[in-house]
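Just follow the structure's listing: the first ligand is 1, and inside any ligand the first atom is 1.
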Amino acid sequence: KESSKQDEMPDWSEYRGVMIFIEQRAGEAKNVSWQLLGEGRKLADKLEVELIALVIGQSVDRLATDAIAYGADRVYLADAPELNEYRTRPYSRVALHVIREVKPEIVLFGATATGRDLAGAIATHLPTGLTADCTILDVEPHPSRLLLASRPAFSEKMLATILCKRYRPQMATARAGVFEAAPYDSARKGEVQKVSSLLSEEEIETRVLQFIEATDRFHLEEAEIIVAGGRGLGGPEPFKLLQELADALGGVVGASRAAVDAGWIGHAHQVGQTGYTVRPKLYIAIGISGAVQHLVGMQNSDCIIAINHDQDAPIFKVANYAIVGDLFQIVPALTQAVRAQ
Ligand code: FAD
């Protein structure tokens with residue numbers, strides 16, 4: 001009897017729609033926002049509801065247009081000077097207000113520093129939970145309309161699907177690079193609704209005095225070209241060769257977990273199940289065998305070039321171009337060829 005009572009679903013019929021938070025800095029949206037709109041479109045179509053975008057910032061009306069072109073039906077736009085830099089309180093106040101008014105059944109954020117902070121701040125004010133760092137999203141359509149939010153668990157050894165059965169909205173953060181943005185369609189039509197910022201500058205306790213970009217910080221998930229190295233490099237020194245090739249191509253250096261665990265390069269460079277999921281235009285895998293835990297992090301790259309002296313290395317199964325040979329000969333020759341262009 002008790003279990004049947006627990007399984008009874010409350011009536012959530014006034015909650016409809018899938019909402020995506022569009023994260024931006026200085027007017028530039030993070031790729032994960034467009035990727036989430038792409039995935040959100042599929043969820044919204046399955047549930048037969050609107051896809052809603054939430055844009056917060058200053059001078060960000062262009063992003064509202066972009067959100068429609070990437071699949072949103074409706075955009076809530078809060079554009080004010082006090083929303084220029086991300087600050088938890090003013091952003092969460094706006095987001096909470098919109099969520100309470102609009103009542104979306106699902107709200108999604110990128111699992112970035114900002115997305116995690118904002119989603120957490122919002123969840124503490126709503127009678128709901130938050131599933132963090134999802135890599136698979138799906139919905140069970142009528143009648144439950146449940147978000148099936150899956151994420152790696154138990155040291156990434158299994159995939160857990162987490163359900164928010166008794167509360168709305170269902171909220172989740174999702175990893176960058178996992179989902180695909182829909183093609184940009186400037187002919188798409190949608191509605192933009194303006195929202196006020198709710199707090200004046202005087203009412204906000206925190207000030208951003210200066211934004212200092214860390215010089216050693218790079219955004220692997222946002223990179224268009226990644227030159228990644230693995231155990232085949234044999235030590236930290238050869239990563240200089242990869243850096244030279246990356247510099248010549250205008251890309252960044254990535255790594256397999258074997259190289260990171262060996263201490264040859266920092267964890268911020270790790271691609272794969274326990275590292276970053278990336279989706280660059282070009283991924284060059286050098287001295288990387290292609291273990292499944294590495295492949296899940298990079299196999300959606302547009303073009304993959306693999307360099308390995310073992311012609312049977314599994315990485316070649318996902319590669320568009322295979323170069324079989326010694327990396328110590330091939331990488332400097334490639335760099336030279338790129339520089340010569
Ligand atoms: P290896 O498998 O040792 O491959 C080295 C390759 O270099 C070989 O194919 C070899 O032929 C080639 N090579 C050697 N010398 C040369 C040369 N001179 N020229 C050309 N080729 C050469 N791995 C990740 O990468 N990312 C993750 O996020 C990740 N998460 C994991 C999570 C879990 C729970 C577990 C259990 C494992 C995880 N792993 C992850 C580890 C993964 O299983 C592999 O051990 C790892 O990816 C292997 O790294 P590698 O390809 O660099 O090394």
Answer yes or no: is there an ion pair linking [X] with [Y], defined by an N-O contact shorter than 4.0 Å?
X	Y	answer
Glu205	Arg89	yes
Glu140	Arg145	no
Asp302	Arg279	no
Glu28	Arg62	yes
Arg74	Glu191	yes

Which ligand 1 atoms, with their elements, are less than 4.0 angstrom from a heavy-atom of [X]?
X	answer
Gly272	26 (N), 27 (C), 28 (O)
Gly275	28 (O)
Asp310	11 (O)
Gly325	19 (N), 20 (C)

Would Ile305 end up clustered with Leu245 when hydrophobic side chains under 4.5 Å apart are linked, directly or stepwise?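 Same cluster.
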
Does a side-chain heavy-atom distance below 4.5 Å link Ile265 with Pro236?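 Contact flag for Ile265/Pro236 side chains = no.
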
Are the side chains of Ile99 and Pro169 in contact, using a 4.5 Å heavy-atom criterion?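 Contact flag for Pro169/Ile99 side chains = yes.
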
Give the contacting part of Ser289 toward ligand 1: side chain, backbone, both or neither, where contact means a heavy-atom distance below 4.0 Å.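 Near ligand 1, Ser289 shows its backbone as well as its side chain.
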
Starting from [atom], find the nearest protein heavy-atom neighbour and note its residue, name and distance.
atom	result
atom 16 (C) of ligand 1	His309 CE1, 3.4 Å
atom 8 (C) of ligand 1	Asn308 ND2, 3.7 Å
atom 18 (N) of ligand 1	Asp326 OD1, 2.9 Å
atom 47 (O) of ligand 1	Ala291 CB, 3.7 Å
atom 29 (C) of ligand 1	Thr274 OG1, 3.4 Å

Should [X] be listed as contacting ligand 1, given a heavy-atom distance under 4.0 Å as the test?
X	answer
Val271	yes
Ala259	no
Ala255	no

Counting heavy atoms only, which of Arg257, Met158, His294, Gln273 is nearest atom 32 (C) of ligand 1?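 Among Arg257, Met158, His294, Gln273, the closest heavy atom to atom 32 (C) of ligand 1 belongs to Arg257.
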
Hydrophobic cluster mates of Leu199, side-chain heavy atoms under 4.5 angstrom, ILVMFWY only, any path?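 The other cluster members (ILVMFWY side chains, heavy atoms under 4.5 Å, direct or chained) are Ile204.
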
Using the ring-ring contact (aromatic ring centres under 6.0 Å, His included) criterion, which residues pair with Tyr15? Sequence neighbours excluded.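 Scan of Tyr15 (ring-ring contact (aromatic ring centres under 6.0 Å, His included), adjacent residues dropped) gives Trp12.
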
Looking at ligand 1, does any of its N/O atoms fall within less than 3.5 Å of an N/O of [X]?
X	answer
Leu327	yes
Gly230	no
Ala313	no

Hey, is OH on Tyr321 packed in by over 12 heavy atoms from elsewhere, all under 6.0 Å?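 No, not enclosed.
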
